[in-house]
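Before any comments, here is the structure.
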Amino acid sequence: MEEDKYAKELEVAVRVVHVACALCGRVQERLLATTNDHVLAKDDDSPVTVADFSVQATISWLLSEIFGVQNVSIIAEEDIQTISKDESASLLEAVVNTVNESLAFASKYGFQSPETTLGTSEVLEAIARCNSTGGSRGRYWVLDPVDGTLGFVRGDQYAIALALIEDGKVVLGVLGCPNYPVKTEWLSYHYQHHQTAPESSLTTPDTGGKGCVLYARKGSGEAWLQSLIDGDNMLEWSNCARLIRVSSIEDPALATLCEPVERANSNHSFTAGLAHSVGLRKQPLRVHSMVKYAAIARGDAEIFMKFAKCGYKEKIWDHAAGVVIVEEAGGVVTDAGGRPLDFSKGMYLEGLDRGIIACSGVTLHEKLIDAVYASWDSSNL
C-alpha cells in the first residue's frame with residue numbers, strides 16, 4: 001500500500017533525529033558552560049562544532065546499521081578534511097567521545113548500541129560515507145547535521161534536518177528543533193534577548209516542553225510533531241505525536257513573516273519592501289535555521305521569504321526536510337517565480353528563480369509572487 005511504502009524509513013528517520021537532538025542538547029550545554037574550544041572555522045568562515053561532525057557520524061552509523069551500508073547513500077554538509085587536520089586532533093577526540101556517548105543511549109530510541117566502542121577510524125568512516133552527490137536517479141538521504149550553527153553556538157535556535165529523496169523527489173522529511181519552545185512568542189523573546197544578554201543566560205522563560213521533532217511523508221496530507229523525550233523515558237512510536245496544520249490567516253496585515261537572522265546570504269531590505277507592498281504590518285520574526293519552516297508548518301508564522309544575494313547557491317540540505325513538512329501541513333513552497341523547488345540536480349537548488357517563498361496558504365503566496373514580479377526590476381539583486 002502507498003501509505004506503507006516509506007513507513008520504516010520514516011520511523012527510523014524520526015528516531016535517529018531524536019538521537020541527534022539529545023546529542024546536540026548535551027553538546028550545547030557544555031559549549032555555553034565553557035569556552036568555545038571546539039569551534040573551528042571552515043573554508044567559508046562559518047563556525048563548525050563538535051555537534052556537526054558527531055551528528056553526521058551518529059546518523060550515518062545508525063542508518064547504515066539498520067538498512068545496510070550498501071543500501072545507504074547520504075548527502076551531508078560536512079566532510080572529513082577539516083576534522084582530519086593535525087590541528088583538529090582535540091576536536092576529533094571530542095567527536096569520537098560524543099558519538100560513543102550518544103550511541104550508549106540508543107536503546108531509549110529503539111536502537112541497539114554498538115557491541116564495542118567505536119574507534120576513531122570507524123567514526124571517520126561514518127562521516128566520510130556521506131559522500132553522495134545526489135541527482136535525479138536513485139535513493140539518497142539528505143542531512144544537515146546542525147542547520148543554523150551560529151544559532152547553536154549562541155544558545156539560540158538551530159535544527160537537525162534529514163530528508164529522503166528518491167528519483168529527484170523528496171519523499172519524507174524530519175526536522176529536529178531542540179530549542180523550539182512550546183509558546184510561539186518565546187521564539188521572538190529568545191532572539192531579542194540574545195541581542196542584549198550574555199550567552200550563558202540564554203534560556204526561555206520556562207524550559208518545560210522545550211524542543212520537538214516534526215516530520216511528514218510526501219503525499220500523506222499530514223505533518224506530525226513529537227516533543228523531545230526527557231529523563232529516562234523511552235521514545236514511543238507513534239502515539240506521542242500530534243497532527244499539525246498551517247495557519248488559516250489570509251489577511252497580510254495579520255500575517256507573521258520569518259526571515260533569516262544573518263544578512264550575509266539574504267537581502268533583508270528587498271524582503272522588507274515586498275512585505276510592505278503586500279500589506280504585512282507585523283515585525284518580522286528573525287530565526288536561525290530551518291526552524292522557520294517548522295514555525296510555518298506548526299501555524300506559528302505564515303510566511304518565509306529568502307532572496308539570496310548574487311552568486312549565492314542554495315543547498316538542498318537547507319530546504320528539503322522543511323519543504324515537505326510545510327507542504328504536507330497544508331502550506332505552499334516555491335521559488336519566486338511560482339515553480340516547485342527542484343531537488344534533482346545534485347547538491348544545489350539549480351535553476352532557482354530569484355528566491356524562495358514559503359506560505360501557509362495559496363492566497364498569501366499568490367500576493368507575494370505578484371509583488372516579486374512588480375518590484376524585481378527596481379531591485380539591486
Side-chain angles (χ1 to χ4, degrees), residues 163 168-170 173 216 218-219 221 223 245-260 262-263 265-287 290-316 318-345 348-381:
K169 304 289 185 183
V170 183
K218 185 69 176 176
R245 294 297 292 174
V246 295
S247 163
S248 59
I249 290 174
E250 295 184 345
D251 182 354
L254 301 177
T256 297
L257 164 69
C258 283
E259 64 180 5
E262 299 86 3
R263 296 179 179 271
N265 57 19
S266 177
N267 191 305
H268 283 186
S269 60
F270 182 71
T271 302
L274 279 182
H276 180 75
S277 68
V278 298
L280 294 180
R281 295 293 175 259
K282 299 177 75 172
Q283 281 291 105
L285 184 62
R286 290 183 177 166
V287 183
M290 269 190 275
V291 169
K292 292 180 282 291
Y293 282 115
I296 293 175
R298 215 175 76 166
D300 294 340
E302 287 72 38
I303 300 166
F304 164 41
M305 295 187 287
K306 184 180 181 185
F307 295 90
K309 296 183 178 179
C310 184
Y312 181 82
K313 297 177 73 174
E314 295 286 352
K315 293 95 170 173
I316 63 172
D318 285 329
H319 300 281
V323 168
V324 69
I325 292 170
V326 167
E327 289 177 342
E328 297 308 309
V332 183
V333 187
T334 69
D335 66 18
R339 298 180 305 184
L341 305 187
D342 186 354
F343 292 95
S344 70
K345 304 298 185 185
Y348 299 98
L349 288 173
E350 303 288 357
L352 195 65
D353 188 346
R354 291 168 283 197
I356 295 172
I357 298 176
C359 286
S360 55
V362 175
T363 302
L364 287 172
H365 183 262
E366 288 178 347
K367 289 181 179 181
L368 287 165
I369 295 292
D370 291 344
V372 170
Y373 277 101
S375 59
W376 184 260
D377 290 342
S378 62
S379 75
N380 294 317
L381 291 174

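Keep in mind that what you see is a predicted model, and the values were worked out from it rather than measured.
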Which residues pass the side-chain contact (heavy atoms from CB on, under 4.5 Å) test with Ala358, sequence neighbours left out? Tyr293, Ile296, Phe304, Val333

Which residues share a side-chain contact (heavy atoms from CB on, under 4.5 Å) with Ala336, sequence neighbours left out: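 Partners of Ala336 under the side-chain contact (heavy atoms from CB on, under 4.5 Å) test: Phe307, Arg354, Ile357, Val372.
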
Can you name the nearest heavy-atom pair linking [X] to [Y], along with the distance?
X      : Y      : result
Ala320 : Val170 : O-CG1, 3.8 Å
Ala321 : Ala163 : N-CB, 3.8 Å
Gly331 : Val246 : N-CG1, 3.6 Å
Ala275 : Met305 : N-CE, 4.5 Å
Glu302 : Ser247 : OE2-OG, 2.8 Å
Ser344 : Gly168 : CB-CA, 3.6 Å

After noting the C-alpha distance and the side-chain angles of Leu257 and Leu285, does the key distance pass the side-chain contact (heavy atoms from CB on, under 4.5 Å) rule? CA-CA 6 Å; Leu257 164 69; Leu285 184 62; over 6 Å; no

Which residues pass the salt bridge (charged side-chain N to carboxylate O under 4.0 Å, His left out) test with Glu350, not counting sequence neighbours? Lys313

Within this structure, what is the [atom1]-[atom2] distance for the pair [X] and [Y], rounded to the nearest 0.5 Å?
X      : Y      : atom1 : atom2 : value
Ile369 : Leu364 : CD1   : CG    : 11.5 Å
His319 : Ile316 : NE2   : CD1   : 10.5 Å
His365 : Glu250 : NE2   : CD    : 14.0 Å

Under the side chain to side chain donor-acceptor pair (under 3.5 Å) test, residues paired with Asp353 that sit two or more places apart: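 Counting only residues at least two positions away or on another chain, Asp353 forms no side chain to side chain donor-acceptor pair (under 3.5 Å).
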
Run the side chain to side chain donor-acceptor pair (under 3.5 Å) test against Lys282 and tell me which residues pass, sequence neighbours left out.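 Once residues adjacent in sequence are excluded, the partners of Lys282 under the side chain to side chain donor-acceptor pair (under 3.5 Å) criterion are Thr256.
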
Do [X] and [Y] touch side chain to side chain, with heavy atoms closer than 4.5 Å?
X      : Y      : value
Arg281 : His276 : yes
Lys315 : Leu349 : no
Leu280 : Ile303 : yes

side-chain contact (heavy atoms from CB on, under 4.5 Å) between Val332 and Thr334, worked out: CA-CA 7 Å; Val332 183; Thr334 69; 4.1 Å; yes

Could you walk me through whether Glu314 and Lys306 pass the salt bridge (charged side-chain N to carboxylate O under 4.0 Å, His left out) check? CA-CA 10 Å; Glu314 295 286 352; Lys306 184 180 181 185; 3.2 Å; yes

Taking ring pair (Phe, Tyr, Trp, His ring centres under 6.0 Å) as the test, write out the residues that go with Phe343, two or more places apart.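 Checked Phe343 against ring pair (Phe, Tyr, Trp, His ring centres under 6.0 Å); zero matches.
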
Under the salt bridge (Lys or Arg N to Asp or Glu O under 4.0 Å) rule, what pairs show up with a residue in residues 327-341, not counting sequence neighbours?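 Found Lys218-Glu327, Asp335-Arg339.
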
